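Remarks on the structure that follows.
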Number of protein chains: 2
Amino acid sequence: MATATQLTNVLKSLADPTRRAVFERIIREGEVAATGLVQGSKVSQPAVSQHLRALRDAGLVVERREGRHIHYRVAPKGLSPLIDWLGHYETFWAERFANLEKLLKESE
Amino acid sequence: MATATQLTNVLKSLADPTRRAVFERIIREGEVAATGLVQGSKVSQPAVSQHLRALRDAGLVVERREGRHIHYRVAPKGLSPLIDWLGHYETFWAERFANLEKLLKESE
DNA sequence: CAATCGTATAAGCAATTGCTTATATATTTC
DNA sequence: GAAATATATAAGCAATTGCTTATACGATTG
């Protein structure tokens, strides 16, 4: 079960637009090296690195070292704390949420 | 359609544990006056008031004045930006699920 | 109208955040 | 081993955040 702290970390991580953009690129591109994420980013390499650390600490991405590159990809259950939290209040906004939750549960 | 700014506001609002607790109480209790939310809260009345304003600005709650009380309740579509954002990557997660399944089959 | 109740706003402050530049740490290549 | 590449960490700084106390506003009651 996801703790409140984990949920807080996920929400905080996604709340920053720059960091969320990094996460979205990782989602779209599947697996990206940090270099690739720096290119096309508005912020510096250290800034991207710091965002990647935040995302990793929040459990949203995982890294895989390959030579001097470090490739990032989405952590399978990274969004679980958020999905679970939404699901906890499902009855309040059931219809829209039902399909998404089902899909995500299957992918665990 | 929800803008990126709206999503950011929703995420930021929910990212703070105290403010999220206020929101959760409003969800559970249906309609609550600010006084009720202050009671049982760890923070002061102004702090609660500021959190309520943030939640309202993010579109997560609506208020209804009744005499000198102001009652808060969940805004029906307040979480839409978040739900929509998650749904936007639905296809990605579906593909991820498919790939995982494929990978597991191959490793048998 | 004066007192009171419910709530919001103002001002100030310590803590946190997101960024920068500069530097360190791995890893590979020459 | 030296240079180059990929990434992380350190230090510092301006902006933002979440809280506090004090005060203002709005509605009700006497």
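Each chain gets a letter, A, B and so on, in the order the sequences are listed, and its residues count up from 1. Please read all numbers here as calculations on a predicted model, not as lab measurements.
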| query | Over how many whole Å does the gap from A:His69 atom NE2 to D:dT5 atom C1' extend? | reply | 8 Å

| task | Please state whether the phosphate of D:dG26, meaning OP1 or OP2, lies under 4.0 angstrom from any side-chain nitrogen or oxygen of B:Arg65. | result | no

| message | Is the phosphate of C:dC19 approached by A:Thr18 (side-chain N or O, under 4.0 Å from OP1 or OP2)? | response | yes

| Where the side chain of A:Pro46 is concerned, which of D:dG18, D:dA10, C:dA8 is the nearest nucleotide? | D:dA10

| DNA chain C: B:Ile70 or A:Val43, which has the more 5' nearest nucleotide? | B:Ile70

| Sub-3.5 Å donor-acceptor pair from the side chain of A:Thr8 to the main-chain atoms of A:Ala4, do we have one? | yes

| request: Please confirm whether any donor atom in the side chain of B:Gln50 sits under 3.5 Å from an acceptor in the base of C:dA8, or the reverse. | output: no

| request: Apply the side chain to side chain contact (heavy atoms under 4.5 Å, CB included) test between A:Val22 and each candidate in A:Leu55, A:Val38, A:Asp16, A:Val43; give the one that qualifies. | output: A:Leu55

| Protein-nucleotide distance (A:Glu63, atom CD; C:dA26, atom P), rounded to Å | 14 Å

| Expressed in angstrom and rounded to an integer, what is the separation of B:Lys12 atom NZ from C:dT17 atom C1'? | 10 Å

| Any N/O donor-acceptor pair, A:Gln45 side-chain to D:dA8 base, under 3.5 Å | yes

| query | Taking C-beta and beyond as the side chain, do A:Leu60 and A:Ile26 meet within less than 4.5 Å on heavy atoms? | reply | no

| request: Would you mind reading off the distance between B:Arg56 atom CZ and C:dT9 atom C1', rounded to a whole angstrom? | output: 12 Å

| message | Please confirm whether the shortest side-chain N or O distance from B:Arg53 to OP1 or OP2 of C:dA8 is below 4.0 Å. | response | no

| How close or far is atom P of D:dT9 from atom CG of A:Asp57, stated in whole angstroms? | 10 Å

| task | Ignoring backbone atoms, test whether A:Ser44 places a side-chain nitrogen or oxygen under 4.0 Å from the OP1 or OP2 oxygen of C:dT20. | result | yes

| query | C:dG6 P sits how many Å from B:Leu52 CG, rounded? | reply | 15 Å

| said: When you measure from the side-chain N and O atoms of B:Tyr72 to the phosphate of C:dA8, is any distance below 4.0 Å, counting only OP1 and OP2? | reply: yes

| request: Find the distance A:Glu66:CD to C:dA26:C1' and express it as a whole number of Å. | output: 15 Å

| task | Answer yes or no: does a side-chain N or O of A:Arg19 lie under 4.0 Å from OP1 or OP2 of C:dG18? | result | yes

| field | Between P of C:dA26 and CZ of A:Arg68, the distance in whole Å | value | 16 Å

| field | Sugar-phosphate, base or nothing in reach of A:Ala34, heavy atoms under 4.0 Å | value | sugar-phosphate

| query | Taking the side chain as C-beta and beyond, is there a heavy-atom pair between B:Lys12 and A:Leu11 under 4.5 Å? | reply | no

| Neighbour count >12 (heavy atoms, 6.0 Å) for atom CZ, A:Arg53 | no

